[in-house]
Amino acid sequence: MTYTSHFSSPYGSSSASSTPLAYLQSSVETASPSKLLVMLYERLVLDCRRAVAAQEAGDHAVAHNNLLHAQDIVVELQSSLRPGVWDGSEGLNSIYTHLMVQLVQANVKRDVTITSHCLDLVVGLADAWREAAAEAARPTDTARSA
C-alpha cells in the first residue's frame, strides 16, 4: 500500500525544519503493512476532525482541503482491498463506498452533521484496525513456548 500526499509539507524546505518530515517518511517506509493501515486510519480520523472543526468555525476552505485529503485516503484504502482473500472485504468495500459518498456530500453541502457522521464511522474503523494490528503483533502461543 503506497500513499502519497498531494499537499506540501507544513515544515518548509530548510534542512533544520525538514527533520520532522524525514522522521515521518522514515516511519512510513519502515512500517509493517498493518502499521501502515493504522497510520492511514489515524490520518483519516485527523482529517475528519479538522474538517469538523473548520466547518464549525465557518472556514470552508480548510474543511474542503481536509475532506479532499480524507477522500484520497478512502480511495487508497478501497484500492488496497483484495476481494476473495478476506471474507470481510465486500462488506468493508461497501463501508468505504458509503464513506466516500458522505465525504463528498459533507464537502458539497458544507454540512458538519455529515462530516461528524464520517468522523464517528472512521473512529470506529480506526479502533478496530488498531486492535487487529495489535493482536496480529502479539506472539502466538507456540512462539511463546519456543
Side-chain angles (χ1 to χ4, degrees), residues 1-140:
M1 182 180 328
T2 305
Y3 182 75
T4 56
S5 175
H6 300 288
F7 300 101
S8 61
S9 168
Y11 304 111
S13 59
S14 72
S15 61
S17 62
S18 67
T19 302
L21 185 58
Y23 174 77
L24 176 63
Q25 184 173 352
S26 175
S27 296
V28 169
E29 290 172 353
T30 60
S32 68
S34 60
K35 179 63 180 168
L36 280 174
L37 186 63
V38 169
M39 291 169 80
L40 276 173
Y41 270 107
E42 288 173 349
R43 180 55 199 254
L44 182 55
V45 168
L46 179 63
D47 287 341
C48 288
R49 282 192 175 129
R50 286 177 174 172
V52 166
Q55 285 175 325
E56 288 174 342
D59 191 343
H60 300 297
V62 170
H64 171 77
N65 287 337
N66 281 286
L67 289 167
L68 286 180
H69 194 254
Q71 291 169 40
D72 287 345
I73 293 172
V74 173
V75 167
E76 180 66 26
L77 290 168
Q78 197 165 26
S79 71
S80 72
L81 286 175
R82 300 292 175 251
V85 175
W86 175 55
D87 291 339
S89 64
E90 194 171 309
L92 190 55
N93 187 51
S94 294
I95 293 170
Y96 289 152
T97 299
H98 169 75
L99 184 56
M100 181 61 81
V101 168
Q102 294 303 302
L103 287 167
V104 169
Q105 288 299 308
N107 205 1
V108 169
K109 294 180 179 179
R110 297 179 173 182
D111 190 331
V112 71
T113 303
I114 299 172
T115 308
S116 294
H117 164 73
C118 294
L119 175 59
D120 291 343
L121 185 60
V122 299
V123 164
L125 288 168
D127 290 345
W129 282 110
R130 196 176 299 110
E131 187 176 314
E135 182 66 30
R138 288 190 190 107
T140 60

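Side-chain atoms are counted along with the backbone in the values below, which use heavy atoms only and exclude waters and symmetry mates.
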Hey, what's the ring geometry for H117 with H98, parallel, tilted or perpendicular (30° and 60° as the breaks)?
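Ring orientation, 0 to 90° scale: perpendicular.
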Would you give the length of the straight line joining atom [atom1] of [X] to atom [atom2] of [Y], rounded to the nearest 0.5 angstrom?
X	Y	atom1	atom2	result
K35	E42	NZ	CD	5.0 Å
I114	N107	CD1	CG	10.5 Å
L77	W129	CG	CH2	9.5 Å
D111	Q102	CG	CD	9.0 Å
D47	T115	CG	OG1	11.5 Å
Q71	Q78	CD	CD	12.0 Å

Testing L125, D127, V122 for side-chain contact (heavy atoms from CB on, under 4.5 Å) with V45, which one passes?
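In the set L125, D127, V122, the residue that makes a side-chain contact (heavy atoms from CB on, under 4.5 Å) with V45 is V122.
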R130 atom CZ, neighbour heavy-atom count above 12 within 6.0 Å
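Yes, enclosed.
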Assess whether atom CD of E90 is packed by more than 12 heavy atoms of other residues, nucleotides or ligands within 6.0 Å.
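No, not enclosed.
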Looking at V62, is its backbone amide N or carbonyl O close enough to the side chain of N66 to form a donor-acceptor pair, meaning the two atoms are under 3.5 Å apart?
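Checked: pair present.
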Under 3.5 Å: donor-acceptor pair, side chain of E76, backbone of L40
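Not at all, since once roles are kept as given, no pair shorter than 3.5 Å links the two residues.
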Kindly determine whether L103 and C48 satisfy side-chain contact (heavy atoms from CB on, under 4.5 Å), including the steps that lead there.
CA-CA 9 Å; L103 287 167; C48 288; 4.2 Å; yes
Taking all heavy atoms of [X] and all of [Y], pick out the closest pair and write down the distance.
X	Y	result
L99	L121	CD1-CD2, 3.9 Å
V74	Y96	CG1-O, 3.6 Å
Q55	V112	OE1-CA, 3.2 Å
S89	G84	OG-N, 4.0 Å

Are side-chain heavy atoms of R50 and N65 found at a separation under 4.5 Å?
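The answer is no; the side chains never approach within 4.5 Å.
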